[in-house]
Each structure stands twice: as structure tokens, then as C-alpha cells.
Amino acid sequence: MTTTNNLGQIKMNEKFTKPYNPADTEDRIYKMWLESGYFNPDNLPARFSEPFTIIMPPLNANGHIHAGHALAMTLEDIMIRYKRMQGYKALWVPGTDHAGFETQVVYEKKLEKEGRSRFKMDSAELYGEIMAFTLENKKHIEGEIQKMGASCDWSRNKFTLDEKIVKEVQRTFKKLFDDGLVYRGSRIVNWCSKHQTSLSDVETENKEQKDSFYYFKYGPFVIGTARPETKFADKYVVMHPDDKRYAQYKNGQKIEIEWINGPMTATIIKDAAVDMEFGTGVMTITPWHSAIDFEIAERHGLDKEQIIDWRGKLLPIAGEFAGMKIAEARPKIVEKLKSKGLLEKIDDKYQHSVPCCYKCGTVIEPQVKEQWFVKMKPLAEKALQAVAEEKVKFVPDNFRKIFNYWMENTIDWNISRQIVWGIPVPAKHCLACNEYFVDLDDSISKCPKCGATGADKIVKDTDTFDTWFSSGQWPLLALGYPDSSDFKTFYPTNVMETGSDLIFKWIPRMVIFGLYLAKKEPFKDVYLHGMVNDAQGKKMSKSKGNVVNPLDLIAKYGTDALRMGLIVGNTPGNEMSLQENKIKGYKNFTNKVWNIARFVFENTQDFEVDEKNAMPVHPWLVQLSGTIIPDITSDMDGQRFHLAAEKAYHYVWHEFADKILEESKPILKSGSAEERRAVQHALLEILATSLRILHPFMPFVTEEIWSHMPGEKGSVLIIEKWPK
RNA sequence: GCGCGGUUAGCUCAGUUGGUAGAGCAUCCCCUUGACGUGGGGAGGGUCACAGGUUCGAAUCCUGUAUCGCGCACCA
């Protein structure tokens, strides 16, 4: 530490009041940091040379930050501040996400409250309104990121709908298309009949429920089903080829049967997908409304017929039941089958789970729909390989298994959504021959397949991309891929820090796109924090009313206290309960640090040292540099921030304050001039080191005290060196 | 059904390679000491879910059981 001989100038100025008041300090300090320019690695002094990069997971610009964001911002900020102090050219790129479907759902709720509906709105008008809504929220959320103390580079702030990003996402689509990795296909998709869009496999949620399970006579067979309303046109009856009970029936054999709306011809199909143990071992299939049935139909080249329309109502094929909603039709259909003597029995204790829209809870109706799909298998194989070669590592490591499981069991990814809020799919559709083709800059007006022209034949695809299609490319896009100097300098990034729930939704897609586009993994470490629950360990939810707003906690206890409360004792990957008492305890600690500084400053006002006369190393300092610092540094390097924070806390309070300060008192009061000087020197040294160690965790109070450190006039703690 | 994680002080949770159990809050006692009462000193409180095993030694490693939570998949 540099000490000067003008320490008599230290004054307990008016800012050094008691107790410490975060509200008076934090915004001022954050502003000072912004003005220093050091959040931008380009402005760091030359000794900061080796890059260290974190890309902030783009926050959804449709609401406010929640406890999970607060934890993420804290962890990422700790990492970036620590590395910056170690002399890395630290870059943390902030960003926000338009969050396609999520935001549209939020906005639709708003419309609903106002008695409006998106289905009655012009798409340009709707887009404009959502854009205004999003930009407003984006501003709020960026302010909230700042309240958390995030030392990210705002000059590089990104938004998923930035023009350049939109273009790049569309170019990726074209590249995938050209490489044969994107195709237009009719496949089973998850259809939400409320939101009128298809959803990917990760946008559905399974709900456990108890239903009736019906057994019906179907010709010579008894079939079981939980969904009688889909059965009108079931003309294939399927059983396992090895099922001896039905050995007399041959694949392809036709039988005449009596069914819901009269007699029909059924065809026998033998397929190993049937579970002989379940029900009667015989089932009829509805390929249009079931993924399994669809696959059986594909294998055997069978007809597929739509029974339920896009709004969830029965089509004319249902005869007298046409136009009815499922819930209404089901009992009536069962009643009719019963009256025809076709009902064998009802098992009303059937436990199963049904997929629902993760936003509105509406039961998903599988539908066959023509959509854009990404072929996942070849992409997933590369991702698996990168992980196997440890180019991408997980903290904690057990998430590797989940990643692998997910990548080994991919299904083709439906990337098109029937909503306006998102990045447009840059494609056109020829109505004459049903050909779809990519058109990046809206320049093709002639069908490349059949040559048709004219606005009545060639129409633009109105779908938008799944949000994960753009956010999956985020590490690239946030750095200005493909031709920016940032991309060359900072890619691949060092750490991707995000919530553990994104291990399959997001992480694999980023790995895939990074490897596919840049031929290099997007990040070396994936650090996954657990979910933040309420004080009782229950998941926070609006409906339960147990949501804790981090901004309220900041107002009550200060950001530093909140950060410590989120970090100490919180191991990666594990859920945590947010205890307000704990945060209160760290508010006390913030004050403690403040008062330690007050004591040190008050008792060193007359301290003078001739820099030529090196002070002898005090035993207190030996302990600090010999044990405490290496220990904490090792925890930081091992990404055990929960331990590092606790150890720093413990040292500062229970060693520095409780023991060292107390021991110093009698010497300061009645020691010899030389003894006093030695103690004063040691106290200043320990204070300076403590501030450095605490800084990544508690940036505000430490920076504020630093600004009062004798001999450190004009220096900024954020770029001070991590102690050794 | 498959997979993952938890089970440690009254509560919420730590415990890095196995070496006599820790933190915060809560409880009890003492201290109106000029850095801080948002404080200081001290105390109580745990057969580390259970049962085996490995070891000189296990909260920690192995096997099994129970239980809670989460995720995935579906059997129509």
C-alpha cells in the first residue's frame, strides 16, 4: 500500500456519518463508476491485457427483476470484479431479450384487462404496441440491473431486436437452410388453442391429473382410451406383433366394425410401440392428435385426419358432436357409446400427466402442422463431443449428465411461432406449388420451383422465430459476430452464468450454435445457480403472493447486504431460501465495515511514515497474507463464492474487528511512538486489504470507504489489485 | 417408470481432497468500555435420516432402505 506523509489531512468529513447509509451512497458510487469508464475494458489501463468475458443472460424486457435475477447479477458481478482486480481485461456485456412468446403473453393479459384482443388487431398495430411496451420495460429493468451494482459495459448493451442482431439471426436461418439443417415439415406440434401458436417441447409443462379411462368394444377387440373425443375416425387398430392373444390377426387385415357414428372398416396394424401390458394391449390410433400415433402412422404409411380444430372444437367428422368443445363432448360421446352397447367399463382412477401450455395452463392439443424445424441430431452430436472433451465444463458437474441426456434424446426443434412479437422468419411461400424458400432481403418474387410470380402467388411467411432461436446465438450476437473486433478478442467467453432451469432450455442451444457458426464453444464454464425460493423454501409465485422484490430489500438493507445474503451459504445448483433476517444480518455487517474504517481513520490521523523506512511486517499481516488471502483466493478461483464470502466476512468481523482492533486499543492509547506507528501502519494495511477482498461481494461500501483512504486520493477500488 | 438433488443446532443452510461438527437468525446470562448497542463477552442446543460396509479414523467414500423435492418420459 502506498502511504504518504500527509495523513494529518484525513478528516472525518460530513459523509463519514454513522450509521452507514446505503441509500445516500450507492447511486452516487455507481455514477462515479460509470464516469470512470472502467466498466468498458477498452478504458482499462494497459496492464489489463488478458480478456475475461461474461455475457449477461439477456433479461426479459417485459417486467421487473426478481430474486433470481438479483442472484445472477450478483454472481456475475462478483466474477467480473474479481477478474478485473486480478488484472484481466474484464468485459461483461449486458443485454435484454424481447422474449417473444413470453412478452406477447404478458401483453395479451394487459389487452384482456382492457377488454381487447390481439385477434382483432392488425399485426403491425399489435407489434408497435408491444414494442413500445417492451422498450419502456427495458429501460426499467436496465435501471434495476444498475441498482444491483452490476459492473457491466453499458456501451456494449444489446437487445435481441437490434437491427444487426435481427439480420444475423435471419442469416443463421438461411445458413441452416442451405446446409439442409432446417426444413419445412408437417409434424406433430404442441398446439396451444388459447394462444393460437405452436410451442416447442420446452414450452410445455406436465400436469399430473386423474381422469377416467374408458374401455370400448371395437369390433372383436376392447380398446382403452382416456380421450374418446378423438376416436371418431380411428380406423386403425394396433397391437404388438408378438402378442399371442392376437396372433390370429394379420397386419393389414380388414375388419368391419360398428363405431360411434355407424359402421366402418378398420385395418389391423402390428407395431412394437404398443405396450402389451397396458390396458388390453390393443389400441386405436389418432395420428393427427398424438405423437406416438403419428409415428406409427408414419411407419406404416397410414392416413391422418384432423378431428379437432385449431380452437379446440370438434370438426364435422364428429357428426352430431361437431362444433363442441372437448370437455362438453366427452361425456356425451361416452353416453352414446354406452347406449350402443359399446362401453365395456370405466376405470376412474387413471393417474397420468398431460402436457399444458407453460403460460396459460391450457391442455396442449397435439396437432399436425406444417412448421419450420431444425434437424437436431447432427448439431447435438457436436455439442456432446465438446462436453466430452471438456471444452465446456459445468459447475456443479452433475449438470453435465442432464446436458448429455438432453443432447442424446433430441427431437427436431420447431422454431416457428404464429405470433407477431419476434424476429420474422425470412421466408416466402408459393401458393401455386406450396414451396417454401428463404428470402433474406425480400428480393425474390418468383417461385424457384414452379416459376410462379405475382403477389397473389408468392406470399411472405408471417411466422416469427422461437425466442430460443435468437437467444441460443446470444454469446455470438452479443459480441457482434461475425466480423467485429470484439468477437475476435472476447470469443469464446469464459463463463456463462444462469439459472439451473435453463440447463436444457438454453445452454444446449448456445453450445450448438456456437459450434455450428463459430466452430468454437461459446463459453468454457457453465455456472448454474439454483432457484431462489421464499423463506420457507417454497417456489415464489404471483398466485401464492410470496414473491420477494429485490428492490424492496435494497431499499431496506442496501445492495451490499442483499448481495451478501444471496451469496453466503448458497451453493451452485442448489435451491436457496431467501431469508430476510439473513440480509438484515449483513446490513449489520455493512455497518460494521463502515465503523471499522471510522476507527482506523480516527486513530491514524497523526500517522506519518517515511516511505524510505519500510515498516516491519506486523504479525497480524503475516496471518492475513499467509493464511486468509490464499484461502479466499483459492475459493474464488474454484468458484466457491459462498465460501469466499463467508471467510471474508468472518475475518473482517471476528478477527479484524473483534481481535485486532481490540488489541490495538491499548497500544494506540499508551504505547510508545514506535509501537503506535507500527500498529497504525498495520491497521491501515489490513483495512485496505479487507476492502479489496470484500469488494467483489460488497462493492458499494468498500468503494465508498476506499475514497477516504489516506494516500489513495483519486484511485478507484474497482481497478485496484486483488491482494496476494 | 427413468433420472437428479436433498435429509447436519429451534429455523434457513454451509462443511474444497475422510482427521475431535460450523454460520446467520432465534434462545439464555453478563457488559449503559468514546469504531459500531445494527455492539461486545459468554452459554445452551446436533447418536450429521436409517442400516450395513471400507478405514487406525466416515457428515464426508461404497451398498441398501426410508422420506421430501425437482426434472424428464409417457401406457393409447
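So you know, we letter chains A, B, ... as the sequences are listed, proteins then strands, and number each from 1. Below, all heavy atoms of this structure are taken into account, side chains as well, without hydrogens, waters or symmetry copies.
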Check: Could you walk me through whether A:Val387 and A:Phe394 pass the side chain to side chain contact (heavy atoms under 4.5 Å, CB included) check?
Finding: CA-CA 9 Å; A:Val387 169; A:Phe394 295 90; 3.9 Å; yes
Margin query: Counting primed atoms plus P, OP1 and OP2 as sugar-phosphate and everything else as base, spell out the protein contacts along nucleotides 10-16 of chain B at 4.0 Å heavy-atom distance: B, S or - for each nucleotide, 5' to 3'.
Written below: --SSSSB
Next item on the list: Would you give a per-nucleotide map of nucleotides 29-43 of chain B, 5' to 3', where B means the base has a protein non-hydrogen atom under 4.0 Å away, S means only the sugar-phosphate does, and - means neither?
Entry: ------BB-BSSS--
Next item on the list: Please answer whether the main-chain N or O of A:Leu668 pairs with a side-chain N or O of A:Arg676 as donor and acceptor at a distance below 3.5 Å.
Entry: yes
Check: Using 30° and 60° as the class limits, which term best fits the ring planes of A:Tyr215 and A:Phe213: parallel, tilted or perpendicular?
Finding: perpendicular
Margin query: Let's test this: given Watson-Crick or G-U wobble pairing with both distances under 3.5 Å, identify the partner of B:C36.
Written below: none
Item checked: Whole-angstrom distance between B:C31 and B:C50, as gauged at atom C1' -> 46 Å
Next item on the list: May I have the distance from A:Leu566 (atom CG) to B:G24 (atom C1'), rounded to whole angstrom?
Entry: 14 Å
Checklist line | Interatomic distance where CD belongs to A:Glu408 and C1' belongs to B:G3 [whole Å] | finding: 12 Å
Margin query: Using the P atom as the point on both nucleotides, what is the distance between B:U60 and B:G52, in whole Å?
Written below: 14 Å
Checklist line | Ring centers of A:Phe656, A:Phe599 separated by less than 6.0 Å | finding: no
Notebook entry, point to check: If we take the P atom in both B:A26 and B:G15, what is their distance in whole Å?
Noted result: 23 Å
Check: Between A:Phe321 and A:Phe232, how do the two ring planes meet: parallel, tilted or perpendicular, split at 30° and 60°?
Finding: tilted
Next item on the list: Any strand is fair game: report the nucleotide pairing with B:G24 by Watson-Crick or G-U wobble, both distances under 3.5 Å, or none.
Entry: B:C11
Next item on the list: Once you apply the 3.5 Å cut-off to both distances, tell me the Watson-Crick or G-U wobble partner of B:A73, or none.
Entry: none
Check: Picking from A:Phe216, A:Tyr236, A:Tyr249, what satisfies ring pair (Phe, Tyr, Trp, His ring centres under 6.0 Å) with A:Phe221?
Finding: A:Tyr249
Item checked: Separation between the P atoms of B:U7 and B:C48, rounded to whole Å -> 13 Å
Next item on the list: Report which part of the nucleic acid A:Lys659 touches: base, sugar-phosphate, or nothing (heavy-atom distance under 4.0 Å, all strands).
Entry: nothing
Item checked: P spacing across the pair B:G6 / B:C61, given as an integer number of angstrom -> 10 Å
Checklist line | Distance-only donor-acceptor check, side chains A:Arg227 and A:Thr286, under 3.5 Å | finding: no
Note to self: Rounding to an integer number of Å, can you tell me how far A:Ile411 CD1 sits from B:C72 P?
What the structure shows: 12 Å
Check: Hey, is NZ on A:Lys270 packed in by over 12 heavy atoms from elsewhere, all under 6.0 Å?
Finding: yes
Note to self: Under a 3.5 Å cutoff, is there a donor and acceptor pairing between the side chains of A:Asn546 and A:Gln536?
What the structure shows: no
Next item on the list: Determine whether the side chains of A:Ser634 and A:Asp637 contain a donor N or O and an acceptor N or O closer than 3.5 Å.
Entry: no
Check: Taking atom C1' in both B:G45 and B:U32, what distance in whole Å separates the two?
Finding: 30 Å
Note to self: If we ignore hydrogens and angles and just use 3.5 Å, is the side chain of A:Trp620 paired with the main-chain N or O of A:Leu683 as donor and acceptor?
What the structure shows: no
Notebook entry, point to check: How close or far is atom C1' of B:C4 from atom CZ of A:Phe504, stated in whole angstroms?
Noted result: 11 Å
Notebook entry, point to check: Taking a pair as Watson-Crick or G-U wobble with both distances under 3.5 Å, which nucleotide is matched to B:G18?
Noted result: none
Margin query: By the 4.0 Å heavy-atom rule, please label A:Asp275 as base, sugar-phosphate, or nothing.
Written below: base
Next item on the list: Any strand is fair game: report the nucleotide pairing with B:C50 by Watson-Crick or G-U wobble, both distances under 3.5 Å, or none.
Entry: B:G64
Next item on the list: Using whole Å, report how far CG of A:Asp501 lies from C1' of B:C4.
Entry: 15 Å
Next item on the list: Sticking with atom P, work out how far B:G37 lies from B:C25, rounded to a whole angstrom.
Entry: 16 Å
Check: Separation of A:Asp397 atom CG from B:C4 atom P, in whole Å?
Finding: 13 Å
Checklist line | Distance in angstrom units between A:Lys207 NZ and B:G71 P, rounded | finding: 13 Å
Margin query: What's A:His352 touching, base or sugar-phosphate or nothing? Going by heavy atoms closer than 4.0 Å.
Written below: base
Next item on the list: In whole angstrom, give me the gap between the P atoms of B:U8 and B:A59.
Entry: 15 Å
Notebook entry, point to check: When we call it a touch if two heavy atoms are under 4.0 Å apart, what does A:Tyr586 touch: a base, just sugar-phosphate, or nothing?
Noted result: nothing
Notebook entry, point to check: For A:Ile402 and B:C72, what is the distance between atoms CD1 and C1' respectively, to the nearest whole Å?
Noted result: 10 Å
